[in-house]
Structure formats: structure tokens, C-alpha cells
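Labels below follow one simple rule: chain letters A, B, ... track the order of the sequence lines, proteins then strands, and each chain is numbered from 1.
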Protein chains: 2
Amino acid sequence: MKEGPSIAAVAALIGDPARANMLGALMAGRALTAGELAREAGVSAPTASGHLARLGQAGLVLVEAQGRHRYFRLSGPDVAHVLEGLMGLAARTGRLRTRPGPRDPALRRARTCWDHMAGEWAVRLYEAFLADGRLAAAAGQVSLTAAGRSFFRAEGIDVAALETTRRPLCRACLDWSERRPHLGGGLGRAILDHAVARHWVRPTAESRALAVTPPGLAALRRWAANADKPLPATIAATGP
Amino acid sequence: MKEGPSIAAVAALIGDPARANMLGALMAGRALTAGELAREAGVSAPTASGHLARLGQAGLVLVEAQGRHRYFRLSGPDVAHVLEGLMGLAARTGRLRTRPGPRDPALRRARTCWDHMAGEWAVRLYEAFLADGRLAAAAGQVSLTAAGRSFFRAEGIDVAALETTRRPLCRACLDWSERRPHLGGGLGRAILDHAVARHWVRPTAESRALAVTPPGLAALRRWAANADKPLPATIAATGP
DNA sequence: CCGATGCTTCGGCGGAGGACGAAGCAATCG
DNA sequence: CGATTGCTTCGTCCTCCGCCGAAGCATCGG
């Protein structure tokens, strides 16, 4: 009994509503100021300051002072990954957030998930890539096929550079709104960067939602042309 | 703001020391009774009962009544995965459990991690498999090579059967004591089952530690002949 | 049957920690 | 140089929730 690192402390840290809201806001991948995070969490500035100090001390967020602002961001992909996992567990119980705002549909359609895309469009892309043989899923793992490599290369994504990092190239990430996987990992990030750089999608200021531009709609439709074809089986590659 | 499933509730649930201890105990993979979990968490039976009810309601654990006992176990690999991730975050801050008991070295040497092996030996095996070309790591993903497939087949592990499931065959799982990856996934589980079935390791009753038997030591040395790291010098294998 | 064991519900106690207002520093602006 | 903004520290209040003891149901053994 009582072996291993004390997960209770970290979990309790994430378990406070105000702090959880802050972390959730940081899941969009951008760095936010203390004031923004205070508003995001719905608490006063002093309260937020205390929370952020604790999150920083635990190594969950990193701070960068810029003038009279202090920018906070998640300290790494592992933090984002745990938060995602917690979202999955929370979604499993059916307990969804109790305030479905008017922004909800946009959020469901396309949003950022730490540093890659999530939502309907992301799931569509993922399934289209599988249907087109650009991605392959075997034994619960996703990998890029030769066809996929040349496809992304032709589209202007430097796959070879991504493969030099230790980060997994492809990663099936369970989408909490669709309950189906979308593409994460280095390639997932590259695709989001690509889509933003070409103005296919535009990050919104106040939320994780991604606005899809008209040219972006055409481009995404082109990429996902074969998504409607029935898939042999959905792959949910979560778990150890 | 405030979008997505409410992770705060789940995290707060895990964030209580007593509940975290219970979940940690269940990480060994076995189902435990309410009384055992109460002792594990260091709380009274009524307190434990309340905690377990909440964990069950949130879907983190499953209950099975058997006579006058109620057996609890983690509800799935995703829960175990999140717990592991939290361990990683906790270990990152350097805040380790404050009571390093006498059992600690054994625990560091070999233990279960939900349903596969962890600790020094698990890391050694993982690295040896990589060195021998039985596993391949590319772009952060681990996969079984043809050589590995025939190796495990010759050793009596039915790899083909594992590939029919949706669970990832190979998964690099960060070892919190070694800070280096070991093998999880379906193959990781199969290897642990194999080692237990052949009495190479023996699960201990009171902890996640695995006792390595003398024949097990020989077998593991054979499997890990080409690991980069020097062999663990000590043998703590008592007879069965 | 009766006693023992395992687990749960109930009620009351107590402490940890999250909330805010006021005040204090730092940085930017007119 | 004041004035304003952004953030932090301090002190205090108060709610929440984890804890246990006692009692109440079930199950198993004789």
C-alpha cells in the first residue's frame, strides 16, 4: 500500500473547479495571462493568482513574464494528455458540462485539442485518411502509410522532419464530443499548423472553437472526400 | 470558457488521499474487497464504503458482489492509463511518496503496472527487445518486428491472437521509478501473464511488487541478454 | 436457529482550503 | 511625474467534505 508517487496531490490540484477551468482554457494551446485565466475560471484576481502559483509550483504550468503581464501555458504534452484522459473519463459517466452555451455547436464542429484539431471535422478527416489508405490502423495503433506520406508531402507537410522527433507521429485521440478517435501526435499538430497557416481555420479569441473559412471548407472537403464511405471498424486506440 | 466535460469532478474524486490509495492498490490489476481497500487506504470501513460508492457512481471502478464480499476493480484500461499519467506528473515534480518502506527496493525492481510489468526488469526487457530488433521504435511509436513476432511465438506467446483485439499491441509506458519506458499494451500484458504462468515472477499478496524466482531470474536474463544497462546485482527471490 | 463477519446508512464532529477585500509593487501611458 | 492597469501578498471568513462511532441489513457458519 501507499506506493509510488503521490497522485492524490496532483489530482487534487486538477480537481478544483477554478483550477480545472484554467487548465481547460490552456488546453487551447495558447498562453494566457493571469487576468484572462481569472475571468475564465470565474474567480477574482487574488484567488486566481493563488491557484496559478500552486499550479506553477507543481510544474503543471509554466510562466513567462512579459511587461506587466504574466503568461501561463501548460508545461508539456504529458499534462495535456492527462487532462484529455480525464475528459474521457468524465465523458464516460455521461456528466457533461451543465451549461451548453450558444457557442457549443461551433465547438462541436471544430476546435483545438491542445495542439491538434478535434471535433466533427477532425473525426471526418481521420476516418477519410483511413478510408483512403493514407493512415493504417492495426492492433489499435495508427501509422502513416507510404501513400499517406507522399500525400502529405505533396500537400506541403514535412513528414520526414516530424519523424526525427521522439513524439509519436500518429496518435488516435478520443474525441469527447464525437466519441470517436481523431488524429493527434506530431502529424496532428502539423495538420493544424498547416490549416491555420493557409487560413483554412481561424482560432477564435475567446474559446477553443476553430472557425472554418470558406476556402478552408473547400480544402477540408477535398481532404475528407471519402469520409462517407463506411469503415470496416472504428478503432479506439486508448489505454496502455 | 467552461467547455467540454467537467474534468474537475473526476479529478477531485481521484484527488482525495484515501481514494487515491484505493485506486493505486487496484492498479495491481486484482480485484479487492471493500475491507481490503479500507485497510489499504488507512480508513475505517464506513469511510471506505462511502468512497467506493462514489468511485463506482463515477464509473471509475466496477463492483461484483460475491457472497458477503464485494469485489472492486478498475473499470478499464483508460482509468489505469489516467492514473499512470498522474503518477508521471507527480514524479516529475520530484514529490515522491514520503514513506520509503522496506518494500521499496523490491518494488523498484519489478512490479505490476495495471496488467503489465514495470520496474527495473521491465525497462531492461524493453531495451533489450529494442537492441535485439524484436521491437522497433520509430517516430515515438513502438512496433513488433518480424523477428520479434517469431521470437515471442517460439516462446509460446500467441501474438496473432493479440492482434485481433482493438487494444494496441505495443505501447511505451513511462516507468515512474526508472523514468524510462517499458512495454505496455496487449503484448505487455501477455508477457506478464506468461511470466506468472511459468512462475518466473510471483505477485505478492500485499503490494504491487513482483518477486522474481530463481528460474525466473535465469529466464529474464536470457530474454534481456542484450540490454544496455548492467544487470541488477541483487537477487531477492525467495522460494515459493 | 444464533452468533460472527462484511458492508452499508446515519448523524455529528472537526479541519483543510477556497473565497474575497484591502493593501502593496511593478510596469505602462498620457 | 501622477494615474492607471496587472498582479501579488495578507488576513479573515466560511463552506465543504472527509472522518468516525453506533446502528442496521445481508450472508455464512455452526
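Taking atom CZ of B:R54 as the reference point, atom C1' of D:dC17 lies 8 Å away to the nearest angstrom. Rounding to whole angstrom units, CZ of residue A:R39 and C1' of D:dC7 are separated by 12 Å. Between B:I14 atom CD1 and D:dC17 atom C1' there is a gap of 18 Å when expressed in whole angstrom units. Per the geometry, CG belonging to B:L37 stands 17 Å off C1' belonging to D:dG18, to the nearest Å. Rounded to whole angstrom, the span from the CD atom of B:Q57 across to the P atom of C:dT9 amounts to 10 Å. If you measure from atom CD of B:E40 to atom P of C:dC7, you get 14 Å, rounded to the nearest angstrom. Atom pair B:M22:CE and C:dC7:C1' shows a separation of 12 Å (rounding to whole Å applied). Atoms CG (B:L13) and P (D:dG18) sit 9 Å apart, rounded to a whole Å.
Of all nucleotides listed (C:dG17, D:dT8, C:dT8), D:dT8 comes nearest to the side chain of A:F72. Comparing C:dC7, C:dT8, D:dC7 by their closest approach to the side chain of B:S49 singles out C:dT8.
Counting heavy-atom neighbours within 6.0 Å of B:R30 CZ, excluding the residue itself, gives a total above 12.
Ring planes of A:H182 and A:H116: tilted class, angle from 30 to 60°. Between A:W200 and A:H194, the ring planes lie perpendicular to each other; the angle is over 60°, past the 30° to 60° tilted range.
Rounding to the nearest 0.5 angstrom, the gap separating the OG1 atom in B:T213 from the NE2 atom in B:H199 is 8.5 Å.
Judged by distance alone, the side chain of B:R70 and the main-chain N or O of B:A34 form no donor-acceptor pair under 3.5 Å. Side chain of B:R124 to backbone of B:E120: no donor-acceptor contact under 3.5 angstrom is found.
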Along nucleotides 19-30 of chain D, 5' to 3', which nucleotides get a B, which get an S, and which get a -, given that the test is a protein heavy-atom distance under 4.0 Å? SBBB----BS--
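The heavy-atom pair separating A:T33 from A:H69 by the smallest distance is CG2-ND1, 3.9 Å.
Contact annotation: B:R70 side-chain N/O to C:dT8 OP1/OP2 distance is under 4.0 Å. The side chain of B:R19 contributes an N or O atom lying less than 4.0 Å from OP1 or OP2 of D:dG18.
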